[in-house]
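Take a look at the structure below.
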Amino acid sequence: MPASLEPLDLGVHIPYHFRCPISLELMRDPVTVCTGQTYDRPSIESWVTAGNTTCPVTRATLTDFTLIPNHTLRRLIQEWCVANRAFGVERIPTPKQPADPALVRSLLNQISSDSAPNHLRLSSLRRLRQLARDSDKDRSLISSQNVRQILLPITFNAVDEFKHEALALLVLFPLAESECAALASDSDKVTYLSRLLSHSSLEVRVNSAALIEIVVAGTHSPELRAQVSDVDEIYDGVVDLLRCPISYPRALKIGIKALFALCLVKQTRHKAVAAGAPAVLVDRLADFEKCDAERALATVELLCRIPAGCAAFAGHALTVPMLVKIILKISDRATEYAAGALLSLCSESERCQREAVTAGVLTQLLLLVQSDCTERAKRKAQMLLKLLRDSWPQDCIGNSDDFACSQVVVVPF
C-alpha cells in the first residue's frame, strides 16, 4: 500500500492504516490475527466463514483463528474521527466485545448447579441474558452450549423469581420442534403459561406470550396447536397485550406475533373474536411497524373468514376506511391481506360495500390491478371490483380513459 493518504468523497483523507485491507473501509472494530495483520472484525470473520484459512494480506496459514481486539488502533481511529468532525465524520462507538466461551460455560454451570446459592444463580441468569441481548453472535454461542436443556426445567420448576428470569432468557432462543411438541402436549405447562399472561409484571406477561408463540409456531402437529389455542385465558392475555401503550413496543410486537400464530388454528378463531381481537386490531393498526402490520392484517383476514369475526369487524366504524387506506401503502403482502379482508367484509355486507366505495376503494383497486403487486392481490382486487360493480359511481362507469374500468372486471380469474 502507498504511504500517502487516499481521498474520500467526504473531502477528507483517511490514513491508509485506518482502512481494513479487505473492505478498504474505515475500521470500526479492528482486530489482529495470528499473523500480526489487523482487519475490521466483520470483514475477517466473513473471510473465515467463507472457508478461507489463510491471512488475506500475507497468505500465511492461519494456525489460530482467535481475533485479538486492537484497542490502540481503535482509539487512534476514534480520535481521528473526532478531529475531523467538521468534515462530517462521525465518531465510531466503542464496540462491544464478543462473549468469552469460558465465561458462558461458567455462567451455565452456576445456573444449573443445585448447590449454588440462589442469588448467585439468579445473577448468572441475568448476566447471561445481557450477553444474549448484545449480539447475534453471543446468542449463537450461548445456544451452542445446550442452554435450552438447562433453562426449560428451571422455567417450570424453580421458585418464581428464578423461573421468570429463566423464561426471559429462554425466549431469546428458538426451540426445536420436539421441544415445542413436548411443551404443547403438557397441559400443566400450557396452563402455567396462560396464567402468567395475567401476571402483575408486564415483562413476565410478554415473555409468556413469546414462549406461547414459539411453541405454537414451532409445533407441526395441528392437534397440538389446537390444544394450546383452545385455552381461553391465552387469547384474553394475548389480546390484552395489544392494548399496552405504544411506549412499550415489545408488547405490541410479541402480542401480534402470538395472536397471528394462534389464529392460524381455524377451529379456535372464535375465541380471539370473543376476547375482543377485532376492535383492538383496528384501533392499533396504525401503531405497528411494517412486519407487525403485515401480521396484523393477515390476522384480520383470517378472522374475517369466520362469521363472528366478519360481523365484529363490520361493526367497527374504522375497519373499512382503514383497510382501504392501507392498500398500496405498506407492502405487497399488506395490500393482499387488506384486499382479502375487504373482499370477505363486502361479500357479507352491503353496508360495507357502500363504506368501501365512499372511502375510495375503487381508485385503489384499479391502481392495484395495474401495479406490480402479487397475483393473489390482483385476483382479490378483481373479485372485489366485480362484487362492487353495482355500487360504482356513474362517472367511473362512464370514464375509462384512465383506468379502463369496464375491462378490468372481465379479466378471468
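A quick note: this is a predicted structure, and the numbers were derived from the prediction, not measured. Computation of the quantities below employed the complete heavy-atom set of this structure, encompassing side-chain atoms and omitting hydrogens, waters and symmetry-equivalent molecules.
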Determine whether the side chains of [X] and [Y] contain a donor N or O and an acceptor N or O closer than 3.5 Å.
X    : Y    : result
E294 : S331 : yes
S221 : T219 : no
S201 : E203 : no
T268 : D230 : no

Taking the side chain as everything from C-beta on, heavy atoms only, tell me whether [X] gets closer than 4.5 Å to [Y].
X    : Y    : answer
C263 : L259 : yes
R121 : N118 : yes
R148 : S143 : yes
L303 : L281 : yes
T54  : L62  : no
P101 : Q145 : no
I330 : K290 : yes
Q37  : T32  : no

R91: what forms a side-chain hydrogen bond (donor to acceptor under 3.5 Å, both in side chains) with it, not counting sequence neighbours?
-> Q78

Can you list the residues that meet the side-chain hydrogen bond (donor to acceptor under 3.5 Å, both in side chains) rule with Q110, with sequence neighbours excluded?
-> S124

Under the salt bridge (Lys or Arg N to Asp or Glu O under 4.0 Å) criterion, do E301 and R333 qualify, and how do the steps go?
-> CA-CA 12 Å; E301 185 179 11; R333 285 185 177 182; over 6 Å; no

Pair [X] + [Y], salt bridge at N-O below 4.0 Å:
X    : Y    : value
R75  : E79  : no
K380 : E336 : yes
R295 : E213 : no
R195 : E233 : no

For A381 and V369 the tightest heavy-atom approach is CB-CG1, 3.7 Å

Residues A184 and V190: closest non-hydrogen pair is O-CG2, 3.9 Å

Would you indicate whether Q267, at its atom CD, is surrounded by more than 12 heavy atoms from other residues, nucleotides or ligands within a distance under 6.0 Å?
-> yes

Using the rule side-chain contact (heavy atoms from CB on, under 4.5 Å), only one of [options] pairs with [X]; which is it?
X    : options                : value
V147 : L108, L170, L152, I111 : L108
L262 : L302, V231, V238       : V238
V361 : L366, L368, V324       : V324
L197 : D236, V239, D240, I212 : I212

d(R127 CZ, L120 CG) to nearest 0.5 Å is 13.5 Å

Taking the six-membered ring of Y235 (Phe, Tyr or Trp), confirm whether the NZ or CZ of K271 is under 6.0 Å from its centre and within 45° of its axis.
-> no

